[in-house]
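Reckoned from all heavy atoms, side chains included, excluding hydrogens, waters and symmetry mates. Worth saying up front: this structure is predicted, and the values here are computed from it rather than measured.
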Amino acid sequence: MRHAAANRTGQQTPGRDRHRFGGAGHSFTKRTLSMSIERFPVGLAMDVSYPGFRVSLTLLSTAKLRFEIKDGPFARTETVDTHVVPLGNSLFAVSWQEKDGATVTNVQDYDRCLIHSHATLPDGRFLRMTGTFDITHLADLTVDDRPHRNRALVLEAMTSLFQRHDASAVERLYAPDYIQHNPDIAQGRDALQALVAKLPKDVFYEPGIMVAERDFVAIHGRIRGWAAKPQVVIDLFRIEDGKLAEHWDVLQDEAAAAPGSVLMFDPEEGRAERSRIGEPVV
């Protein structure tokens, strides 16, 4: 619904979801570099479809994998010792050597449900393949880091645009086909970039509580200089492929707290939570 004092609107449409089975960090921060091998989705079983054949993979541990190829010239079942390296952004490099001498390196992408496979066969032939996969058994411990990295993306966007007035951040953080549901802002990424470039110096955004689930993030905040009075706002974003793809919002003029009531917005409300989980405190 649209509030009488608002100059932006909010509405909701369903977004795209993905498989929920594993994940990793979003960018090469300290958190990503120190990401533990424990994030590897042990217990996960999947059917991978490559051009020309299918293979079933089961991640038995961080050091063992079982594969089964039922048909074709590569048909066999084998358990191999593996070496796993977390690459960040829901990517893991998994390599092994098979009994016949073949060596395989997989880059497993758990956000996009893809496996990029590179194999050197015993006769010296080199195969480079990309396959999609379907989950047949969930991991023993389900880990999904999308909410954490999506929160970080939204926080970076809101502070870059509406604290530092950095118009160059729009191209880096927003999808090319960005969808804007605010009727007072023109459609698309270019329009947003032009708006930020012309913001008055007194426009300043303060982030508050954030809530993230799957590919959606909601952030509660306060913005000064956008209207005649400070406004309290809730922004809702949909994230796709690591960029902000769609936006809804609603604002309300900030009112003084009545005796015995609480503030509409407290700048401390989100800082303690972000500090606790290791996110930037701004």
Visitor: Are Val55 and Val84 connected in the hydrophobic side-chain network, where two residues link if heavy atoms are under 4.5 Å apart?
Guide: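 Yes, it is one cluster - the side chains of Val55 and Val84 are joined through contacts under 4.5 Å.
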
Visitor: Asp109 and His116: side-chain donor and acceptor closer than 3.5 Å?
Guide: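 There is no such pair between these side chains.
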
Visitor: Could you state the interatomic distance from CG (Leu65) to OG1 (Thr79), rounded to the nearest 0.5 Å?
Guide: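 Result: 8.0 Å between the selected atoms.
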
Visitor: Hey, what do you get for CD (Glu246) to CD (Glu240), rounding to the nearest 0.5 Å?
Guide: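 So the gap between those two atoms works out to 9.5 Å.
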
Visitor: Same hydrophobic cluster for Phe265 and Val233, using side-chain heavy-atom links shorter than 4.5 Å among ILVMFWY?
Guide: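 Hydrophobic grouping puts Phe265 apart from Val233.
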
Visitor: May I ask you to check whether Phe53 and Phe74 place their ring centers less than 6.0 Å from one another?
Guide: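 Between Phe53 and Phe74, the centre distance is under 6.0 Å.
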
Visitor: For the CG atom of Leu173 and the CE atom of Met158, what is their distance to the nearest 0.5 Å?
Guide: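 Those atoms lie 12.0 Å apart.
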
Visitor: Would Leu199 and Trp226 satisfy side chain to side chain contact (heavy atoms under 4.5 Å, CB included), going step by step from the backbone distance to the final call?
Guide: CA-CA 9 Å; Leu199 282 176; Trp226 186 269; 4.0 Å; yes

Visitor: Provide the closest heavy-atom pair for Val104 versus Ala119 in the form atom of the first, atom of the second, distance.
Guide: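 Heavy atoms of Val104 and Ala119 come nearest at CG2-CB, 4.0 Å.
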
Visitor: Do Thr136 and Asp47 have a side chain donor and acceptor closer than 3.5 Å?
Guide: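 Asp47 and Thr136 do not have a side-chain donor-acceptor pair below 3.5 Å.
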
Visitor: Membership question, hydrophobic clusters at under 4.5 Å side-chain separation (ILVMFWY): are Leu57 and Ile69 in the same one?
Guide: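 As far as the 4.5 Å side-chain criterion goes, Leu57 and Ile69 are connected within one cluster.
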
Visitor: Search all heavy atoms of Ile185 against all heavy atoms of Gln180 and return the closest pair with its distance.
Guide: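 Result for this residue pair: O-CG, 4.0 Å.
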
Visitor: So do the side chains of Leu236 and Val217 get within less than 4.5 Å of each other, counting heavy atoms only?
Guide: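 Leu236 vs Val217: side chains apart.
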
Visitor: Any ion pair linking Glu171 and Lys243 (charged N to carboxylate O, less than 4.0 Å)?
Guide: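 No salt bridge links Lys243 with Glu171.
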
Visitor: Considering only heavy atoms from C-beta outward, does the side chain of Thr132 approach that of Cys113 to under 4.5 Å?
Guide: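 When only atoms from C-beta onward are counted, Cys113 and Thr132 do not touch, as no gap falls below 4.5 Å.
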
Visitor: Under the 3.5 angstrom rule, does the side chain of Gln231 hit a backbone N or O of Leu251 as a donor-acceptor pair?
Guide: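 No, the answer is negative, given that no donor and acceptor are paired below the 3.5 Å cut-off.
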
Visitor: Which residue pairs pass the salt bridge (Lys or Arg N to Asp or Glu O under 4.0 Å) test with at least one member in residues 88-99, sequence neighbours excluded?
Guide: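 Listed once each, the pairs are Arg76-Glu98.
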
Visitor: Do Phe204 and Gln163 have side chains that approach each other closer than 4.5 Å (heavy atoms only, starting at C-beta)?
Guide: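 Touching, per the 4.5 Å side-chain cut-off.
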
Visitor: Rest of the hydrophobic cluster containing Leu263 (Ile/Leu/Val/Met/Phe/Trp/Tyr, side-chain heavy atoms under 4.5 Å)?
Guide: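 Listed partners: none, Leu263 stands alone.
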
Visitor: Where do Ala212 and Pro147 come nearest, in terms of heavy atoms and distance?
Guide: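 So the two residues come closest at CB-O, 3.7 Å.
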
Visitor: Please answer whether the main-chain N or O of Ala157 pairs with a side-chain N or O of Ser160 as donor and acceptor at a distance below 3.5 Å.
Guide: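 Such a contact is absent between Ser160 side chain and Ala157 backbone.
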
Visitor: Check the angle between the aromatic planes of His181 and Trp248 and answer parallel, tilted or perpendicular using the 30° and 60° thresholds.
Guide: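 Rings of His181 and Trp248: parallel, as their planes differ by under 30°.
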
Visitor: If two hydrophobic side chains count as joined below 4.5 Å and joins carry through other members, does Leu121 share a cluster with Met129?
Guide: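 As far as the 4.5 Å side-chain criterion goes, Met129 and Leu121 are connected within one cluster.
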
Visitor: Can you check whether Arg54 reaches Asp71 side chain to side chain, under 4.5 Å on heavy atoms?
Guide: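 Side-chain contact under 4.5 Å: no.
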
Visitor: In this structure, are over 12 heavy atoms from other groups packed under 6.0 Å from His118 atom NE2?
Guide: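 Counting other residues, nucleotides and ligands, NE2 of His118 exceeds 12 neighbours.
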
Visitor: Can you pull the salt bridge (Lys or Arg N to Asp or Glu O under 4.0 Å) pairs that have at least one residue in residues 58-67, sequence neighbours excluded?
Guide: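 Sorted result for residues 58-67: Lys64-Asp81.
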
Visitor: Counting C-beta onward and ignoring hydrogens, is there a side-chain heavy-atom pair between Ile223 and Val203 closer than 4.5 Å?
Guide: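 Sidechains of Val203 and Ile223: in contact.
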
Visitor: Please give the remaining members of the hydrophobic cluster of Leu114, linking ILVMFWY side chains under 4.5 Å, ordered by chain and number.
Guide: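 Once heavy-atom contacts under 4.5 Å are chained together, Leu114 still belongs with nothing else.
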
Visitor: Under 4.0 Å between a Lys/Arg side-chain N and an Asp/Glu carboxylate O for Arg125 and Asp123?
Guide: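 Looking at Arg125 and Asp123, the cut-off is met.
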
Visitor: If Ile, Leu, Val, Met, Phe, Trp and Tyr residues are connected whenever their side-chain heavy atoms lie under 4.5 Å apart, and connections chain through other members, are Phe92 and Val80 in the same group?
Guide: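 In one cluster: yes.
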
Visitor: About how many Å separate CG of Asp166 and CG of Leu161, when rounded to the nearest 0.5 Å?
Guide: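 Output value for this atom pair is 7.5 Å.
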
Visitor: Just checking Asp100: does its CG atom have more than 12 heavy atoms from other residues, nucleotides or ligands closer to it than 6.0 angstrom?
Guide: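 Yes, CG of Asp100 has more than 12 neighbouring heavy atoms, counting only those of other groups under 6.0 Å.
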
Visitor: Apply side chain to side chain contact (heavy atoms under 4.5 Å, CB included) to residues Tyr174 and His247 and explain how you reach the verdict.
Guide: CA-CA 10 Å; Tyr174 289 75; His247 172 252; over 6 Å; no

Visitor: Do Ile239 and Leu244 have side chains that approach each other closer than 4.5 Å (heavy atoms only, starting at C-beta)?
Guide: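 Yes. Closest side-chain heavy atoms under 4.5 Å.
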
Visitor: Are side-chain N/O atoms of Asn106 and Ser117 paired as donor and acceptor at under 3.5 Å?
Guide: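 Side chains of Asn106 and Ser117: pair found under 3.5 Å.
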
Visitor: Working to the nearest 0.5 angstrom, can you tell me the gap between Tyr205 OH and His165 NE2?
Guide: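 Answer for the OH-NE2 pair, Tyr205 versus His165, is 13.0 Å.
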
Visitor: What I want to check is whether the side chains of Ser90 and Arg149 have a donor and an acceptor closer together than 3.5 Å.
Guide: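 Yes, because at least one side-chain N or O of Ser90 sits under 3.5 Å from a partner of the opposite role on Arg149.
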
Visitor: CG of Leu153 to NE2 of His148: how many Å apart, nearest 0.5 Å?
Guide: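 One finds 12.0 Å between CG of Leu153 and NE2 of His148.
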
Visitor: For Leu59 and Pro41, work out which heavy atoms get closest and say how close.
Guide: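 Closest heavy-atom pair between Leu59 and Pro41: CD1-O, 3.6 Å.
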
Visitor: Output all residues satisfying salt bridge (Lys or Arg N to Asp or Glu O under 4.0 Å) with Asp177, sequence neighbours left out; order by chain, then residue number.
Guide: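 By the salt bridge (Lys or Arg N to Asp or Glu O under 4.0 Å) rule, Asp177 matches no residue at all.
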
Visitor: Would the distance check show the side chain of His137 and the main-chain N or O of Gly43 forming a donor-acceptor pair, the cut-off being under 3.5 Å?
Guide: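 Answer holds: yes.
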
Visitor: Show your working on side chain to side chain contact (heavy atoms under 4.5 Å, CB included) between Val42 and Leu60 and close with a plain yes or no.
Guide: CA-CA 6 Å; Val42 172; Leu60 300 175; over 6 Å; no

Visitor: In sequence, state the C-alpha distance, the side-chain angles, and the governing distance for Tyr110 and Leu44, and then conclude on side chain to side chain contact (heavy atoms under 4.5 Å, CB included).
Guide: CA-CA 11 Å; Tyr110 291 108; Leu44 184 73; 3.5 Å; yes

Visitor: Could you name each residue pair satisfying salt bridge (Lys or Arg N to Asp or Glu O under 4.0 Å) that touches residues 192-206, not counting sequence neighbours?
Guide: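 Applying salt bridge (Lys or Arg N to Asp or Glu O under 4.0 Å) to every pair that reaches into residues 192-206, excluding sequence neighbours, yields Glu206-Arg222, Glu206-Arg224.
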
